[in-house]
Q: 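I'd like to ask you about the structure that follows.
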Amino acid sequence: MLKLDILVLSVHPDDAELGCAGTILKHVALGKKVGVVDLTRGELGTRGTAEIRSSEAAASAKILGLAVRENLGLPDGFFENTKEYQLKVIAAIRKHQPDIVITNAYYDRHPDHGRANDLVETATFLSGLRKIETSFNDELQEAWRPGLLLHFIQDEYIKPDILIDVTAHWDKKIESINAFGSQFHNPNWRNEPQTYISSPEFIQVIEARAREFGKVINVKYAEGFTSRRILGVDNLFNLL
């Protein structure tokens, strides 16, 4: 078991990069242990293959300085919020015992994103129930419930509950996204079908969103997150 401070549980390889790479990089720089567990291999993606995306995810993990990157191998496009898949996510949470979990948006253009949100939210709660048994390496796992669950914001605009200044880490975030050369704009992939996310304009939209969020808190770039519970601080000056 590798105890993590932050665990990102997102449905497709590259979702973590697009949604919260700046926040990952910021907390790694602060000395926190951060890991990503991708729920699926993204095998239904129009461009590339599951094997290519796995190697791209590994390359991005090095850029981000992740303590661990794993893949649960759930069926891309066809997983549901069922007991079978809940237990897999619960086992991943208990394996790494994160204090904070970050996952996909409440809803989005891609239906997998909202369904992943529902699955992770359910599993995060159930993971704290000791009468639900899961195992790792043939040993029963202890119940574990993270203290905070956040949801990043993806293609569709959702008003954030909290914004994180990621200005100092923006270039590295873009580098981590570009590690997925099969998915985003890349002249070397001209023979593949063009998609919504492979156009050069897509990354421009990602930057525009980050600039919009940054403007709200008087910084250049920020990432936004939502929370189903009210967030609190112990010092008003931490809000500056």
Side-chain angles (χ1 to χ4, degrees), residues 5-30 32 34-39 60 63-66 98-121 124 146-178 180 183-184 196-197 201-233 235-240:
D5 298 297
I6 300 174
L7 174 61
V8 182
L9 282 160
S10 47
V11 63
H12 304 120
D14 73 30
D15 280 356
E17 283 76 6
L18 292 168
C20 63
T23 299
I24 291 172
L25 287 159
K26 182 165 194 164
H27 286 84
V28 169
L30 291 171
K32 301 297 185 183
V34 183
V36 173
V37 173
D38 301 305
L39 302 187
S60 176
I63 295 168
L64 294 175
L66 297 179
D99 299 305
I100 298 172
V101 165
I102 302 175
T103 190
N104 291 90
Y106 295 149
Y107 55 85
D108 203 40
R109 171 179 173 269
H110 196 310
D112 275 2
H113 296 169
R115 287 189 295 114
N117 166 81
D118 293 341
L119 173 59
V120 172
E121 187 164 12
T124 299
L148 178 64
L149 174 63
L150 295 175
H151 316 260
F152 50 72
I153 296 166
Q154 299 187 257
D155 195 64
E156 293 195 27
Y157 178 83
I158 301 174
K159 183 179 179 180
D161 294 311
I162 188 170
L163 295 169
I164 308 296
D165 177 11
V166 298
T167 305
H169 305 282
W170 184 256
D171 290 345
K172 208 75 170 176
K173 172 186 171 93
I174 295 301
E175 185 182 348
S176 75
I177 293 171
N178 287 337
F180 290 88
Q183 300 303 302
F184 303 108
Y196 171 68
I197 66 172
E201 291 77 18
F202 180 75
I203 296 299
Q204 294 172 11
V205 171
I206 298 298
E207 179 174 354
R209 173 71 58 73
R211 284 182 175 270
E212 176 188 14
F213 285 161
K215 177 178 179 292
V216 175
I217 57 173
N218 298 312
V219 301
K220 189 172 183 180
Y221 297 111
E223 290 176 339
F225 300 88
T226 56
S227 172
R228 292 202 189 275
R229 71 172 177 85
I230 296 174
L231 303 174
V233 294
N235 186 324
L236 288 176
F237 287 88
N238 289 335
L239 293 170
L240 296 177

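Position 1 is the first residue of the sequence; numbering continues from there.
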Q: Mark yes or no: R209 above the aromatic ring of Y221, with NZ or CZ under 6.0 Å from the six-membered ring centre and no more than 45 degrees from the axis.
A: no
Q: Do the non-hydrogen side-chain atoms of L9 and N104 ever get within less than 4.5 Å of each other?
A: no
Q: Please assess V216 against L163 for the test side chain to side chain contact (heavy atoms under 4.5 Å, CB included), listing each intermediate value before the final yes or no.
A: CA-CA 9 Å; V216 175; L163 295 169; 3.9 Å; yes
Q: Would you say the side-chain atoms of N117 and Y107 include a donor-acceptor pair closer than 3.5 Å?
A: no
Q: Can you tell me if CG on L231 sees more than 12 non-hydrogen neighbours from other groups inside 6.0 Å?
A: yes
Q: Restricting to non-hydrogen atoms, name the atom on D155 and the atom on R109 that form the minimum distance, rounded to 0.1 Å.
A: OD2-CD, 3.6 Å
Q: If you measure only the distance, is there a donor-acceptor pair under 3.5 Å linking the side chains of S60 and E17?
A: yes
Q: Identify the heavy atoms of G147 and R229 that sit nearest to each other, and give their distance.
A: O-NH2, 3.0 Å
Q: Can you check whether I6 reaches I24 side chain to side chain, under 4.5 Å on heavy atoms?
A: no
Q: For the residue pair G22 and V166, what are the closest heavy atoms and their distance?
A: C-CG1, 3.5 Å
Q: Can you confirm whether D38 sits close enough to H12 that some side-chain heavy atom of one is under 4.5 Å from a side-chain heavy atom of the other?
A: no
Q: Does the side chain to side chain contact (heavy atoms under 4.5 Å, CB included) test come out yes or no for I63 and K172, once each step is laid out?
A: CA-CA 7 Å; I63 295 168; K172 208 75 170 176; 4.0 Å; yes
Q: So how far is it from I162 CD1 to S227 OG, rounded to the nearest 0.5 Å?
A: 8.5 Å
Q: If only atom types and distance count, is the side chain of E223 paired as donor or acceptor with the main-chain N or O of I164 below 3.5 Å?
A: no
Q: Please step through side chain to side chain contact (heavy atoms under 4.5 Å, CB included) for the pair D165 and K26, ending with a clear verdict.
A: CA-CA 9 Å; D165 177 11; K26 182 165 194 164; 3.8 Å; yes
Q: Considering only NZ, NE, NH1 and NH2 on the basic side and carboxylate oxygens on the acidic side, decide whether D112 and R115 come within less than 4.0 Å.
A: yes
Q: So C20 and F152, do their side chains get closer than 4.5 Å, heavy atoms only?
A: yes
Q: For a side chain to side chain donor-acceptor pair (under 3.5 Å) check, start with the C-alpha distance between Y106 and D118, then their side-chain angles and the critical distance, and finish with the verdict.
A: CA-CA 8 Å; Y106 295 149; D118 293 341; over 6 Å; no
Q: Would you call E212 and K215 a salt bridge, using N to O less than 4.0 angstrom?
A: no
Q: Can you name the residues that form a side chain to side chain donor-acceptor pair (under 3.5 Å) with D161, not counting sequence neighbours?
A: none
Q: Between OG1 of T23 and NZ of K32, what distance do you get to the nearest 0.5 Å?
A: 14.5 Å
Q: Can you list everything that forms a side chain to side chain contact (heavy atoms under 4.5 Å, CB included) with L149? Sequence neighbours excluded, please.
A: V101, T103, V120, E121, T124, H151
Q: Please tell me if the side chains of V37 and L7 come closer than 4.5 Å, counting only heavy atoms from C-beta onward.
A: yes
Q: Roughly how far, to the nearest 0.5 Å, is the NE2 atom of H110 from the OH atom of Y196?
A: 12.5 Å
Q: Write down the atom of A222, the atom of I217, and the distance for their closest heavy-atom approach.
A: CB-CD1, 3.9 Å
Q: Closest approach of I153 and K159, non-hydrogen atoms and distance?
A: CD1-C, 4.5 Å
Q: Is it the case that the side chain of D108 and the backbone of G114 share a donor-acceptor pair, with hydrogens and angles ignored and the cut-off at 3.5 Å?
A: no
Q: For the CD1 atom of I197 and the CD1 atom of I203, what is their distance to the nearest 0.5 Å?
A: 8.5 Å
Q: So which of I174, I206, I177 actually passes side-chain contact (heavy atoms from CB on, under 4.5 Å) with F184?
A: I177
Q: Would you check if W170 and L25 make a side-chain contact, meaning some heavy-atom pair closer than 4.5 Å?
A: no
